Amino acid sequence: MKSMSNVDIFTISNELNNLLSGARVDKSFQPTKDIVVMRFHVPGTGRIDLVMQCGSRIHTSQYPLENPTTPPTFPMLLRKRVKGAHVESIKQHNFDRVVEIKVKKDKYYTIIVELFDKGNIILLDDENNIILPLKRKRLSDRDISSKIKYAFPEERGINPMTVTEEEFKDVFSDSESDVVRTLARNGLGSLYAEEVIKRANEICELDKNTPNGELNEKQLEGLYAGFKNLFDNLTESKIKPQIVKSESKEDVVALDLKNYEDFEKTYFETFNEACDEFYSKKVNTSIKNIKETAWNKKVNKFEKRLRLQQETLDNFYKTIEDSQHKGEVIYSNYTIIENIVNVVNQARSKDYSFKDIGKTLKKAKKDGMAEAQIYESIDKMGVLTLKIDDTTLNIDPSLTIPENAEKYYEKAKKAKRKTKGATIAIENTKKQLEDIKAKKDVAMENIAVPKKRVKKNLKWYEKLRWFLSSDGHLVIGGRDANSNESVVKKYLEPNDIYLHADIHGASSTAIKLNGDEANDNLLKESGEFAASFSSAWSMGFSTQDVFWVNPDQVTKTPESGEFLAKGSFVIRGHRNYIRGARVKLAIGIVDYEGKRIMAGPIEALEKHCENYVVIKPGFTKKEAIAKKIIHKINEDDLLTLDDIIRVLPAGKCDIDEEYHQRKKYEKN
């Protein structure tokens, strides 16, 4: 895959700096061993994902990558150190393939993204000491290890932003190479080296393979003019992000290039968008290949086991057939075998060694003695090897002929007993093989086509917690301190009802009555909603008390000498309590001003949709439970995993299987 050039990185860095300056750092992820994704929240825009791939690319992305269930060490450290920090700046270091992301939390931190060679991503403290690199490296001139001062790679090449004409010309006087190689090796790469030469050729005649020593002053001036003509587009922000295609090549560039004049071009509003389209599909294909290889290894493991088990079973059947046949051959040739056994035993009684007996039998066979024609050999323990027709037998002279035959029959019986276990093992392996193939098919189908995350135009209430009660009233709640403020200051009207779970850490909830009277069922449903979106969920409670008051009892004015944090309010006067409100939610797709996902009390979901999932406080992480939920309710492919995660309460969850089994039983 193409690595970003210095020009690409310059353009991307400027765009990222304008987009993310002041943004809040959210979670970080590591989908693969060399890709790290940092999530940011931009005021007025929302979520922005920044993809950083060692040695290749850095850009925002709307193509979510699948993350491992257990986050690796590096993204966990980023979460610990810089989550909640604000971006100070994003810049390219010295027109090199290095990006510096500076953020501020309790102190300054810097994330270094190295895009040269195999690359690296490194977290630095405020004194530029390495806290942790994604990859530890020890080179002759650089040590990338924890607690070591970070050293930028040695500065080299041409910086188009600062180079003077004299410095530019000096590059050629210091090199014994030709023009195109000199430009390419000084930070421009082959594409932009050839582009500079093409633009220079509009001023003077110049062959790209001209040795530097043969360049005249006019050609040097032409090269500089071509160089300025190209890179002034960067300094003046005259970029034209595009993906270019021909029959044999595809590329992403920030400028109109003469090298790509005859290519098919697709233009984009930003270079980040162009890079996202160019790289993300290729990376998803690459990830698919990696995962397919991993799944194939699992499949091959069971196929190999099945093959070995089948070979073992076949050997058992062969042993049964072979051993039974040999027993029968012994009885069929009882007399001739007994004669040669008697010869051996008589010789042994006269103190002949087995070696001497063997020589005697071999000579007798050679001399044509009929009884000796079946003789093959005798070992040092006295066991005879006899061959009758095409059957080879081992006969122990110390045993009777029936006893020798019984040894073969017993061997057949033993093999027959083993066939039962082998057959069961084969059937188990076949089932496991079918299961792993099915899992592979599902996994490959899920990652076969990357889905672009399209930002949805949310209704005002979707930016909050919300549900539609069974009698049609809208109930809203805050998601955090800011939205708790909004619920009370912006949306709570004099005729509404304010609710809050009687526990620290809960959503400010409002029932929008629109002139109606509140009834017991509406209060009960709203109480369950308020209880579920409180810290009672993460604490694993099954019930929680909730109080409700009139809007004029809710104030932001504290008692004298007290301070109220953002999102907190003072309640004055009598509180009405909903005791033991159920901490449980249902999630489904409802048709309310269009189809959309809703999380609320079970009765509300029963009223407004047929297909829903009931969840309760549990032990499953949000991402895992969201995958189960989306599989059950996303019939028309309306939702993404993020849509599910967004409506889940804070804390781990489990599906209430008991509820669903009871409902299934009631239907039947």
Side-chain angles (χ1 to χ4, degrees), residues 26-27 29 31 37 39 46-47 49 61-71 280 284 287-288 291 295 438-459 461-468 479 529 532-533 537-538 584-602 604-606 608-661 663-664:
D26 201 344
K27 286 185 177 181
F29 308 91
V37 178
R39 186 164 293 165
R47 163 183 163 180
D49 286 352
S61 180
Q62 290 182 294
Y63 289 95
L65 294 169
E66 186 180 350
N67 295 307
T69 307
T70 304
S280 294
N284 272 280
I287 290 173
K288 181 187 174 186
K291 294 203 170 190
W295 277 107
K439 287 179 181 178
K440 175 194 168 184
D441 291 341
V442 171
M444 297 314 299
E445 185 179 341
N446 288 340
I447 63 171
V449 181
K451 290 186 178 179
K452 190 172 185 178
R453 185 177 63 85
V454 180
K455 188 175 180 181
K456 296 180 179 178
N457 293 321
L458 300 176
K459 296 288 185 180
Y461 50 83
E462 288 184 286
K463 297 175 183 178
L464 307 167
R465 303 286 189 189
W466 72 280
F467 81 96
L468 193 66
R479 303 182 65 87
F529 179 80
S532 297
F533 288 111
W537 189 284
S538 57
K584 191 175 286 189
L585 290 169
I587 298 174
I589 297 173
V590 299
D591 193 352
Y592 177 59
E593 299 181 342
K595 290 191 175 181
R596 60 194 75 251
I597 188 170
M598 183 176 91
I602 298 170
L605 272 293
E606 286 178 340
H608 296 296
C609 64
E610 294 182 3
N611 189 17
Y612 56 89
V613 174
V614 176
I615 59 171
K616 61 183 180 180
F619 305 96
T620 308
K621 289 184 178 180
K622 281 188 176 185
E623 288 79 4
I625 203 74
K627 288 178 182 178
K628 292 182 180 180
I629 294 171
I630 200 169
H631 178 70
K632 291 177 180 290
I633 69 172
N634 198 23
E635 294 173 357
D636 299 322
D637 203 26
L638 294 172
L639 306 175
T640 66
L641 211 57
D642 287 339
D643 294 328
I644 305 288
I645 292 171
R646 180 176 172 79
V647 301
L648 291 175
K652 296 179 180 180
C653 316
D654 281 331
I655 293 175
D656 191 346
E657 300 291 355
E658 185 180 336
Y659 170 88
H660 287 287
Q661 286 175 4
K663 278 291 177 183
K664 188 176 179 181

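Keep in mind it's a predicted model, so treat the numbers as computed, not measured.
Counting heavy atoms from C-beta on, the side chains of N67 and K27 never come closer than 4.5 Å. Counting only heavy atoms from C-beta outward, the side chains of K621 and K652 approach each other to under 4.5 Å. Side-chain contact between I615 and P649 is present, with heavy atoms from C-beta onward closer than 4.5 Å. Side chains of I597 and R646 form no contact here, defined as non-hydrogen atoms less than 4.5 Å apart. Taking the side chain as every heavy atom from C-beta outward, D643 and I630 never approach each other to under 4.5 Å. No side-chain heavy atom of C609 sits under 4.5 Å from any side-chain heavy atom of I589.
Taking all atoms of both residues into account, the shortest heavy-atom contact from S532 to K584 is OG-N, 3.2 Å. The two residues F529 and W466 make their nearest non-hydrogen contact at CZ-N, 3.6 Å. Residues E623 and I645 share a closest heavy-atom pair of CG-CD1, 4.1 Å. Closest heavy-atom contact between V613 and I629: CG1-CG1, 4.2 Å. Of all non-hydrogen atoms in Y612 and A586, the two that sit nearest each other are CD1-CB, 4.0 Å.
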For a side-chain contact (heavy atoms from CB on, under 4.5 Å) check, start with the C-alpha distance between K663 and I602, then their side-chain angles and the critical distance, and finish with the verdict.
CA-CA 12 Å; K663 278 291 177 183; I602 298 170; over 6 Å; no
Do I587 and L648 pass the side-chain contact (heavy atoms from CB on, under 4.5 Å) test, and can you show the C-alpha distance, the side-chain angles, and the key distance before you say yes or no?
CA-CA 9 Å; I587 298 174; L648 291 175; 3.5 Å; yes
May I have the step-by-step check of side-chain contact (heavy atoms from CB on, under 4.5 Å) for L605 and V614, ending in yes or no?
CA-CA 9 Å; L605 272 293; V614 176; over 6 Å; no
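Ion pairing between E658 and K616 fails under the 4.0 Å rule for side-chain N and carboxylate O.
D49 and S61 share no side-chain donor-acceptor pair at under 3.5 Å.
Not a single donor-acceptor pair under 3.5 Å links the side chain of R47 to the backbone N or O of D26. At least one donor-acceptor pair closer than 3.5 Å links the side chain of N634 to the backbone N or O of L639. With hydrogens and angles disregarded, no donor-acceptor distance shorter than 3.5 Å links the side chain of D656 to the backbone of H660.
Between the CG atom of L468 and the NE2 atom of H608 there is a distance of 4.0 Å, given to the nearest 0.5 Å.
Heavy-atom contacts from other residues, nucleotides or ligands closer than 6.0 Å to CD of E593 number more than 12. Heavy atoms from other residues, nucleotides or ligands lying under 6.0 Å from NZ of K628 number 12 at most.
Taking the ring centroids of F533 and F467, they lie at or beyond the 6.0 Å cut-off.
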